[in-house]
Amino acid sequence: PPELSCSVRNIGSTSEGRDMIVFTVSSGQASRGVWLDSTIHAREWLAPATVVNIMNKVVNEYGVDSEVTDMLDKHDMHFLPVMNPDGYQYTFTNERLWRKNRATNAGSSCRGTDLNRNYDWKWGMEGVSNLPCSDLYCGASGGSELETQAVQNEGERLAGTLDAWITFHSYGNMWMHPWGNTINHAGQTCERADDHAEMFALAEITADAIQATFNTRWARGTSCEVIYETTGGTDDYMKGAHGVKHAICPELRGNGFIVNQNQIRPSFEEIWNGLVAMFAEL
Ligand code: 0X9
Ligand code: ZN
């Protein structure tokens with residue numbers, strides 16, 4: 001098979017000193033890129049399991065599988081499988097359902113910020129908590145957390161080359177895009193972007209391909225409409241602050257954070273089919 005180049009880089013480190021590692025896979029043919037991350041929420045283990053299976057497929061099957069070849073001929077792929085390594089480690093050693101990072105909070109004995117409320121875009125407006133003990137704590141300020149800063153900086157650096165940013169969560173069978181907020185933050189009507197129709201059309205194609213794999217149902221639309229109001233999420237930041245057109249937040253299959261390992265393979269297979277359909281449109 002033809003050569004692929006794979007680079008590994010450290011984009012930052014956490015409050016407990018762990019590295020944040022991005023893997024870039026490139027055929028050398030592509031002029032554009034796509035970003036995929038997971039594990040912003042520590043307990044959502046199906047997300048990194050799915051993302052590393054995607055990595056495995058693309059690094060091994062370029063020039064072998066035409067879907068992989070087509071994908072990498074047009075797009076470099078940047079992977080950050082573990083955005084919140086401190087929290088992820090903590091879910092193995094201490095508390096399986098921990099969600100946030102593990103940084104200390106001034107004036108509180110409770111640890112952690114919800115990194116998916118911490119991005120510096122409409123920070124702190126809706127669907128957040130200002131209490132450090134809450135699982136939805138948005139932090140002391142927009143982009144206050146080291147992990148958020150590292151990813152914001154990568155977003156700023158790469159955004160001009162990216163056609164899509166996909167930040168994987170679990171669970172609930174959902175394919176969501178901006179915005180998370182309501183109009184005027186009044187909590188009444190969800191705000192839709194000017195290019196909502198284009199985002200929604202791509203979500204339809206992608207979610208239909210996912211559904212067709214195992215005959216399941218996936219919701220699709222703005223995150224505010226599909227799940228609930230939030231601000232300071234990865235997807236809204238990447239679109240709002242840096243103009244990444246397709247900033248997507250999937251909630252992977254299932255009805256809980258604790259999943260049997262027999263769900264990893266089908267999750268990968270259905271998401272792979274969704275990505276193949278999606279990349280063909282980019
Ligand atoms: O609450 C969240 O951060 C996400 N749900 S989860 O159960 N994985 O925690 C939903 C986020 C929806 N908002 C955006 N994607 N902006
Ligand atoms: Zn999540």
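As the structure lists them, so they are numbered: ligands from 1, and atoms in each ligand from 1.
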Among the heavy atoms of [X], does any lie under 4.0 Å from an atom of ligand 1?
X      : answer
Tyr228 : yes
Gly180 : no
Cys224 : no

Closest to the Zn ion (ligand 2), which N/O/S atom of His41 is it?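 Within His41, restricted to N, O or S, the Zn ion (ligand 2) is closest to atom ND1.
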Which single N/O/S atom of His169 lies at minimum distance from the Zn ion (ligand 2)?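 Output for this pair reads ND1.
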Flag the pair Trp165 / Tyr237 as yes when their ring centroid distance falls below 6.0 Å, and as no otherwise.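 When the ring centroids of Trp165 and Tyr237 are compared, they turn out to be at least 6.0 Å apart.
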Decide whether an N or O pair under 3.5 Å exists between Tyr171 and ligand 1.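 No, Tyr171 has no N/O under 3.5 Å of an N/O on ligand 1.
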Flag Asp235 as yes when one of its N or O atoms lies below 3.5 Å from any N or O atom of ligand 1, and as no otherwise.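 Yes - when backbone and side-chain N and O of Asp235 are compared with those of ligand 1, one distance drops under 3.5 Å.
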Regarding Glu44, does it place an N, O or S atom less than 2.8 Å from the Zn ion (ligand 2)?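 Short answer: yes, at least one N, O or S atom is under the cut-off.
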Could you tell me whether the side chains of [X] and [Y] share a donor-acceptor contact shorter than 3.5 Å?
X      : Y      : answer
Asn273 : Thr213 : yes
His75  : Arg32  : no
Thr24  : Arg9   : yes
Asn181 : Glu191 : yes
Glu126 : His185 : yes
Glu154 : Trp35  : no

Taking atom 5 (N) of ligand 1 as the point of reference, which of His169, Met176, Glu251 owns the nearest heavy atom?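 Among His169, Met176, Glu251, the closest heavy atom to atom 5 (N) of ligand 1 belongs to Glu251.
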So which heavy atom in the protein is nearest atom 11 (C) of ligand 1, and how far is it from that ligand atom?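 Scanning the protein heavy atoms, the shortest distance from atom 11 (C) of ligand 1 goes to Asn116 ND2, 3.7 Å.
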